[in-house]
Amino acid sequence: MKSPLVARPLSKVAVEQLAGEFALSDLTLPFWGYRKKMPMHRIVRLEGEGNYTLFHFADGSQLMVSLTLKKMESRLSSKVFARPHKKNIINLLYLEGIYPGQQLCAGLVNGDRVEVSRRKASRFIKQVKGFQQELKTMYTPSLVS
């Protein structure tokens with residue numbers, strides 16, 4: 001029997017601890033004429049809307065900045081962030097599961113579901129498997145539960 005791709009979601013404590021292990025620094029974002037520092041590990045997903053990017057954070061807050069998703073992707077850690085679709089980037093620390101169906105979807109712990117494009121599906125699955133394998137080999141089971 002195949003094991004599930006995502007065993008179970010990480011706890012909030014585990015996300016905080018893993019942020020240090022993955023060296024996730026703060027992200028400086030332009031916001032209404034000044035710059036705002038945001039912790040990278042608190043970003044659940046980023047959603048592209050034209051020349052703007054909407055950030056969705058773990059506490060439920062949102063922030064829109066005037067940078068494209070492509071520019072934001074280059075600033076994020078590729079170990080933790082994955083781009084399953086041209087309009088979304090997700091933080092794998094907040095991945096709840098991957099749901100097959102007519103359209104493959106990635107479920108996040110905040111309840112959001114993000115479509116995985118057909119062209120990016122195989123690369124996305126490989127990235128998720130690699131991330132899960134790294135979690136299993138590097139960290140204690142208490143973090144992953």
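Just so we're clear, the structure is a prediction, and the values are computed from it rather than from any experiment.
- The distance from the CD atom of Glu134 to the NZ atom of Lys79 is 5.5 Å, given to the nearest 0.5 Å.
- Tracing side-chain contacts under 4.5 Å through hydrophobic residues (I, L, V, M, F, W, Y), one never reaches Ile125 starting from Tyr99; they form parts of separate clusters.
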Atom pairs and distances, side-chain donor-acceptor, residues 101-116, under 3.5 Å, sequence neighbours left out:
from, atom 1, to, atom 2, distance (Å)
Gln103, NE2, Val116, O, 2.6
Asn110, OD1, Asp112, N, 3.1
Asn110, ND2, Asp112, OD2, 3.2
Asp112, OD2, Arg45, NE, 2.8
Asp112, OD2, Arg45, NH2, 3.4

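- Residue-environment remark: CG (Asn51) stays at or below the threshold of 12 foreign heavy atoms within 6.0 Å.
- Between Pro39 and Asp26, the shortest heavy-atom contact is CA-OD1, 3.4 Å.
- Taking OH from Tyr94 and NE2 from His56, the interatomic distance works out to 14.0 Å, rounded to the nearest 0.5 Å.
- Side-chain contact between Leu54 and Gln62 is present, with at least one heavy-atom pair separated by less than 4.5 Å.
- The distance from the CG atom of Leu93 to the CZ atom of Phe81 is 7.5 Å, given to the nearest 0.5 Å.
- With rounding to the nearest 0.5 angstrom, the OG1 atom of Thr28 is 12.5 Å from the NZ atom of Lys36.
- Annotation: side chain of Asn91 is not in contact with side chain of Val44 (no heavy-atom distance under 4.5 Å).
- Residues Ile43 and Phe57 form a side-chain contact, since some pair of their non-hydrogen atoms from C-beta on lies under 4.5 Å apart.
- Cluster annotation: Met64 and Met38 are assigned to distinct hydrophobic clusters (Ile/Leu/Val/Met/Phe/Trp/Tyr, side-chain heavy-atom contacts under 4.5 Å, transitive).
- Other residues, nucleotides and ligands place no more than 12 heavy atoms under 6.0 Å from the OH atom of Tyr52.
- Residues in residues 116-128 take part in no side chain to side chain donor-acceptor pair (under 3.5 Å) pair, two or more places apart or across chains.
- For the pair Arg75 and Leu67, the minimum side-chain heavy-atom distance is below 4.5 Å.
- Contact of the Glu73 side chain with the Leu46 side chain is not registered, since no non-hydrogen atoms from C-beta on lie closer than 4.5 Å.
- Note that CG of Leu95 is 5.0 Å distant from CD1 of Ile90, once rounded to the nearest 0.5 Å.
- Between Arg35 atom CZ and Leu27 atom CG the span is 11.0 Å, to the nearest 0.5 Å.
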